[in-house]
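Quick notes on the structure that follows.
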Amino acid sequence: MPTPSHLKNPLYFDFRAARRVPESHAWPGLHDHPVVDGGAPGPDAVPVVDLREAPAAAVDRVARAAEQWGAFLLTGHGVPAALLARVEEQVARLFALPAADKMRAVRGPGDACGYGSPPISSFFSKCMWSEGYTFSPAPASLRRDLRKLWPKAGQDYNTFCDVMEEFHKQMRALADKLLELFLKALGLTDDQVSSVEAERRIAETMTATMHLNWYPRCPDPRRALGLIAHTDSGFFTFVLQSLVPGLQLFRHAPDRWVAVPAVPGAFVVNVGDLFHILTNGRFHSVYHRAVVNRDLDRISLGYFLGPPPHAEVAPLREAVPPGRSPAYRAVTWPEYMGVRKKAFTTGASALKMVAATAEAEAQAELPSTATIISSR
Ligand SMILES: C=C1C[C@]23C[C@@]1(O)CC[C@H]2[C@@]12CCC[C@@](C)(C(=O)O1)[C@H]2[C@@H]3C(=O)O
Ligand SMILES: O=C(O)CCC(=O)C(=O)O
Ligand SMILES: [Fe+2]
């Protein structure tokens, strides 16, 4: 029988056919640090924030988790379990499409959206054991972009778009709720959250991007890596990991990877670099990675929140201690991505590259809240 044409496509690595992990996908140094169980009670237990708790208690938990971990499990969030199950089913359907269909939507160089390895993969010579698909869930772009995968539209296309639209509606509302909690966790009053210009603007202009991950089962999971260690670049991310765990968070002193338990119905919330900047480093972005599994495929979904591309992000006035200068200069998201690209190629830290220098600090005036997140 002739080989189907999509399997001959040199751009498509057929994970299903792989009987071993080739050198191109074998990562050195994966086991430099021990892995501990973040689901067991004790100091490595991943913090949990349950939104059914009294608001003051939830604010307190968010503050501690964001300061000490940069991540937490979010439960009691109100997004129905039945919807999450439908989302996961649709994500699995998308990745099960024939390779030729997926390749039609392939991400071009510099494209924000599309099919294939995530943008970060371009900084590494080794390939990751995963496929990804990035899209904007905003109604205006969702149906247009998805036509690349389902050009004839039809039932599968409609179901996928309907489910993602409903998910986006619920997630965007949850993001607003969580942003409010984060701001209160920073010490802002109800009044400041709702009436200070900078804070209001963040809520009003925050954008969402969705990135779906498929980690096929792997014949030699100790040699392969699902997603390279990174910090998310935006404000914060909701990660939905299916029943198969794989997400690990990095913790210092002693250096170790904490395996996040797969808690049905829970989201993992990651603090991103722009939130680190916005909070003047009080909430720190979490370094994390995804590992693969010998027997089971794994899917995950990241719902990324961040500013619109033209908005400058700088430390909020309320996050900078009295008498001190902001620790970071103002950056837009695309500008920060550029800095991060440079940081990857030089081995530097992107956050350090946007830190206010000692000289700038001496001269810097604390920006008024009205200019903290402003249009260029
Ligand atoms: C909004 C975004 C965050 C992201 C880049 C993107 O434009 C869409 C994909 C996201 C993702 C997912 C996998 C890891 C990551 C580092 C990557 O390469 O693509 C993140 C990006 C990020 O947080 O910077
Ligand atoms: O697969 C996961 O659990 C993590 C995904 C992730 O970190 C991302 O998409 O940025
Ligand atoms: Fe991530």
Side-chain angles (χ1 to χ4, degrees), residues 4-19 21 25 83-108 111-121 127-137 142-143 145-168 171 209-219 221 224-228 237-247 262 267-268 289-304:
S5 65
H6 70 264
L7 296 182
K8 289 185 204 147
N9 189 331
L11 289 174
Y12 189 80
F13 180 80
D14 187 2
F15 289 105
R16 282 277 178 260
R19 294 288 161 262
V21 172
H25 289 66
L83 175 61
L84 298 182
R86 291 181 72 206
V87 167
E88 291 192 336
E89 182 193 2
Q90 291 308 311
V91 174
R93 281 246 169 90
L94 182 149
F95 286 118
L97 286 172
D101 293 5
K102 296 190 279 192
M103 291 304 286
R104 244 196 332 264
V106 82
R107 185 198 300 272
D111 285 353
C113 296
Y115 200 88
S117 299
I120 198 175
S121 59
C127 304
M128 298 188 266
W129 201 266
S130 59
E131 293 181 13
Y133 180 64
T134 310
F135 63 99
S136 158
L142 175 76
R143 288 182 187 264
D145 290 353
L146 265 297
R147 285 295 284 269
K148 284 198 178 158
L149 288 170
W150 286 282
K152 295 193 192 118
Q155 182 64 45
D156 288 353
Y157 162 83
N158 280 323
T159 308
F160 186 92
C161 294
D162 290 349
V163 170
M164 294 304 155
E165 248 172 40
E166 176 56 23
F167 181 68
H168 172 53
M171 294 306 289
T209 306
M210 279 174 72
H211 179 80
L212 317 178
N213 296 294
W214 176 52
Y215 306 99
R217 54 185 174 269
C218 173
L225 185 59
L227 187 56
I228 181 73
T237 311
F238 293 98
V239 178
L240 181 63
Q241 65 170 340
S242 63
L243 298 181
V244 181
L247 176 61
F267 292 111
V268 183
R289 69 178 186 180
V291 297
V292 291
N293 195 288
R294 183 187 298 279
D295 305 308
L296 297 167
D297 283 7
R298 172 172 184 264
I299 57 169
S300 74
L301 173 162
Y303 187 89
F304 295 82

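Worth saying up front: this structure is predicted, and the values here are computed from it rather than measured. The chain is numbered in sequence order, starting from 1.
Between F167 and F267, the ring planes are tilted. Angles from 30° to 60° get that label.
What you find for C218 and V292 is that their closest heavy atoms are CB-CG2, 3.8 Å. Taking both residues in full, the closest heavy atoms of H25 and C127 are given as NE2-CB, 3.4 Å, listed atom of the first, atom of the second, then distance. The two residues Q241 and S300 make their nearest non-hydrogen contact at CA-CB, 4.3 Å. The minimum heavy-atom distance between L227 and R289, with the atom names listed, is O-CB, 3.3 Å. Residues P137 and M210 approach most closely at CB-SD, 3.7 Å, considering heavy atoms. The two atoms that bring S121 and P118 nearest to each other are OG-O, 2.6 Å, heavy atoms only.
Here the side chain of N213 pairs no donor or acceptor atom with the backbone of I299 at under 3.5 angstrom. One N or O on the side chain of R104 and one on the backbone of L149 form a donor-acceptor pair closer than 3.5 Å. A donor-acceptor pair is defined here as one N or O able to donate and one able to accept, closer than 3.5 Å; such a pair exists between the side chain of S130 and the backbone of G226. Side-chain atoms of Y157 come within 3.5 Å of backbone N or O of R143 as a donor-acceptor pair. Remark: the backbone N or O of P219 is paired with a side-chain donor or acceptor of R294 at under 3.5 angstrom.
Looking at heavy atoms from C-beta onward, R217 lies out of side-chain contact with V244 at the 4.5 angstrom threshold. At a threshold of 4.5 Å between non-hydrogen side-chain atoms, the residues Y133 and L146 count as touching.
Using a cutoff of 4.0 Å between basic side-chain nitrogens and carboxylate oxygens, R86 and D162 are not scored as salt-bridged.
Within a 6.0 Å radius of CZ in R107, more than 12 heavy atoms belonging to other residues, nucleotides or ligands are found.
In this model, no donor atom of one side chain and acceptor atom of the other lie less than 3.5 Å apart for K148 and Y115.
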Legend entry - Stepwise side-chain contact (heavy atoms from CB on, under 4.5 Å) test for L97 and W150: CA-CA 10 Å; L97 286 172; W150 286 282; 3.8 Å; yes
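Partner of W129 under the ring-ring contact (aromatic ring centres under 6.0 Å, His included) criterion, chosen from W214, F13, Y215: F13.
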